[in-house]
Protein chains: 2
Amino acid sequence: MKKDSRLSSVLHALLHMAERDEPLTSDELALCMHTNPVVVRRTMGYLRDAGIVSSARGHAGGWAITADLKTVTLRQLHETLGEPAIFAIGNKQEMPECLVEQAVNAALDTAFAEAEALLLDRFAHVTLADLAEDFARRHRLRSH
Amino acid sequence: MKKDSRLSSVLHALLHMAERDEPLTSDELALCMHTNPVVVRRTMGYLRDAGIVSSARGHAGGWAITADLKTVTLRQLHETLGEPAIFAIGNKQEMPECLVEQAVNAALDTAFAEAEALLLDRFAHVTLADLAEDFARRHRLRSH
DNA sequence: TTTCATGTAACTTCAATTATTACGAATCGA
DNA sequence: TCGATTCGTAATAATTGAAGTTACATGAAA
């Protein structure tokens, strides 16, 4: 399957929105994200429903951040996107009768659960404000 | 994307092979793994090339384990299968020019790298012998 | 009222695993 | 040697889910 890049995409969009005061249109976001306006609306729709951004139609419409950058974590965004599957590797069958396969699943599930817990914990400790700050740092560095 | 279940599949196959002394044919393995004999040959071929199993044609042919169960780890099997992608989530672009996207990628890459390191470390500490033992334990439990 | 912009449904494209078909090659028993 | 068995492998289709596209309805502002 193709990799899910929605989290990456919304982060990119949110940071660009944080850099500007006026709303950004789906077309503008699609341009800098190298994607399609409809995909932007579809994906950002999750964040609107969660109250993280607002959308407005008509003249001077578009997308804007409503939440505080310091309170929005990567984990929250991941959940807002519907908690898509993290791993591209998995069990052949989830509920096998075969005892051998049950032992295999148990071992793999344990390892995956630990890795997932670590990943989500890291996600929980990174906010949009952190990313904005890191971007600012990179911007200063490039200017020299 | 469809999940990669090759690691799960070969583990299942290897433990069944460990339970028997004669070689198992691709057809037999395919039956208990709920898949296709050609898929079995293709997947087990990686393990044969790595010297973990042997295959023989003709009468009384089939697949057998050649390695010591105590020395084969899940990590080794993962590597033998060509280190397939672990995550179903990823960056939109790997080498973006945009500084904003670079900051996003850096944050995500760090988290994914840590989670991957943990997963592979767990994989490195589980051997086929461990799984065989866990299966035996489950077997005893069910008998009571 | 015209223009701009989102909201959404429907469909296609894309990428990667898995499944299937077909046939060649090797091995062993009779 | 013949023939059944079994792996080896190429070629192709099916499957799955994200991403892309087209089309059009809806709503807001100049």
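Just so it is clear: chains get the letters A, B, ... in the order the sequence lines come, proteins before strands, and each one is counted from 1.
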Student: Does A/Ala85 reach a base, just sugar-phosphate, or nothing at all? Heavy atoms under 4.0 Å.
Tutor: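 Since no nucleic acid heavy atom lies under 4.0 Å of A/Ala85, the category is nothing.
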
Student: Based on the rotation axes of five pairs at each end, what angle does the helix from C/dT1-D/dA30 to C/dA30-D/dT1 bend through, to 10°?
Tutor: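 The angle separating the two end axes equals 10°.
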
Student: Over how many whole Å does the gap from B/Ile89 atom CD1 to D/dG17 atom C1' extend?
Tutor: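 In whole Å, D/dG17 C1' and B/Ile89 CD1 are 13 Å from each other.
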
Student: Between the protein and nucleotides 27-30 of chain C, are there any N/O to N/O pairs under 3.5 Å, and if so, what are the atom names and distances?
Tutor:
none

Student: Other than A/Leu118, what residues sit in its cluster of Ile, Leu, Val, Met, Phe, Trp and Tyr side chains whose heavy atoms are under 4.5 Å apart, directly or through others?
Tutor: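 Members besides A/Leu118, by chain and number: B/Leu118.
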
Student: Please report the distance, rounded to the nearest Å, between CD in A/Gln93 and P in C/dT18.
Tutor: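 Interatomic distance, CD of A/Gln93 to P of C/dT18: 14 Å.
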
Student: May I have all residue pairs that pass side-chain hydrogen bond (donor to acceptor under 3.5 Å, both in side chains) and include part of residues 114-123 of chain B, sequence neighbours excluded?
Tutor: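 Passing the test, one end in residues 114-123 of chain B: A/Glu114-B/Arg122, A/Arg122-B/Glu114.
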
Student: Compare all side-chain heavy atoms of B/Arg142 with those of A/Leu99 and state whether any distance is below 4.5 angstrom.
Tutor: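 Yes, their side chains come closer than 4.5 Å.
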
Student: Considering only distance and modelled atom types, tabulate donor-acceptor pairs under 3.5 Å from the side chains of residues 74-88 of chain B, sequence neighbours left out.
Tutor:
{"residue": "B/Arg75", "atom": "NE", "partner": "B/Glu79", "partner atom": "OE2", "Å": "3.2"}
{"residue": "B/Thr80", "atom": "OG1", "partner": "B/Gln76", "partner atom": "O", "Å": "2.8"}

Student: Taking OH from B/Tyr46 and C1' from C/dT18, how many angstroms apart are they, rounded to a whole number?
Tutor: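 Spelled out: OH on B/Tyr46 to C1' on C/dT18 is 12 Å.
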
Student: Rounded to the Å, how far apart are B/Lys92 NZ and D/dA18 P?
Tutor: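 In whole Å, D/dA18 P and B/Lys92 NZ are 14 Å from each other.
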
Student: Report the distance from atom NZ of A/Lys3 to atom C1' of C/dA15, rounded to the nearest whole Å.
Tutor: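 Checked: the NZ to C1' distance equals 12 Å.
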
Student: For A/Asn36, which residues count as a side chain to side chain donor-acceptor pair (under 3.5 Å) partner, sequence neighbours excluded?
Tutor: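 Here no residue qualifies.
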
Student: Tell me, which of residues 75-83 of chain B have any heavy atom that sits under 4.0 Å from an atom in DNA chain D?
Tutor: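 Under 4.0 Å from DNA chain D: no residue of residues 75-83 of chain B.
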
Student: When the side chains of residues 13-23 of chain B are checked against the rest of the protein, which donor-acceptor pairs come out under 3.5 Å, sequence neighbours left out?
Tutor:
{"residue": "B/His16", "atom": "NE2", "partner": "B/His12", "partner atom": "NE2", "Å": "2.9"}

Student: Quick check on contacts: within residues 27-43 of chain B, what sits under 4.0 Å from DNA chain C by heavy-atom distance?
Tutor: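 Close to the strand are B/Thr35, B/Asn36, B/Val38, B/Val39, B/Arg42.
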
Student: Going by atom type alone, with no hydrogens or angles, which donor-acceptor pairs under 3.5 Å involve a side-chain atom of residues 42-50 of chain B and a protein atom two or more places apart or on another chain?
Tutor:
{"residue": "B/Thr43", "atom": "OG1", "partner": "B/Val39", "partner atom": "O", "Å": "2.8"}

Student: With sequence neighbours left out, what residues match A/Ala67 under side chain to side chain contact (heavy atoms under 4.5 Å, CB included)?
Tutor: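 A/Ala67 satisfies side chain to side chain contact (heavy atoms under 4.5 Å, CB included) with A/Ile52, A/Val72 once adjacent residues are dropped.
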
Student: Contact class for A/Gly45 vs. all strands (heavy atom < 4.0 Å): base, sugar-phosphate, or nothing?
Tutor: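 Answer is nothing: A/Gly45 stays at 4.0 Å or more from every strand.
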
Student: Roughly, in whole Å, what's the span from CD in A/Glu22 to P in D/dA29?
Tutor: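 Result: 16 Å.
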
Student: For A/Arg57, enumerate each residue passing the side chain to side chain donor-acceptor pair (under 3.5 Å) test, keeping only those at least two apart in sequence or located in another chain.
Tutor: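 Here no residue qualifies.
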
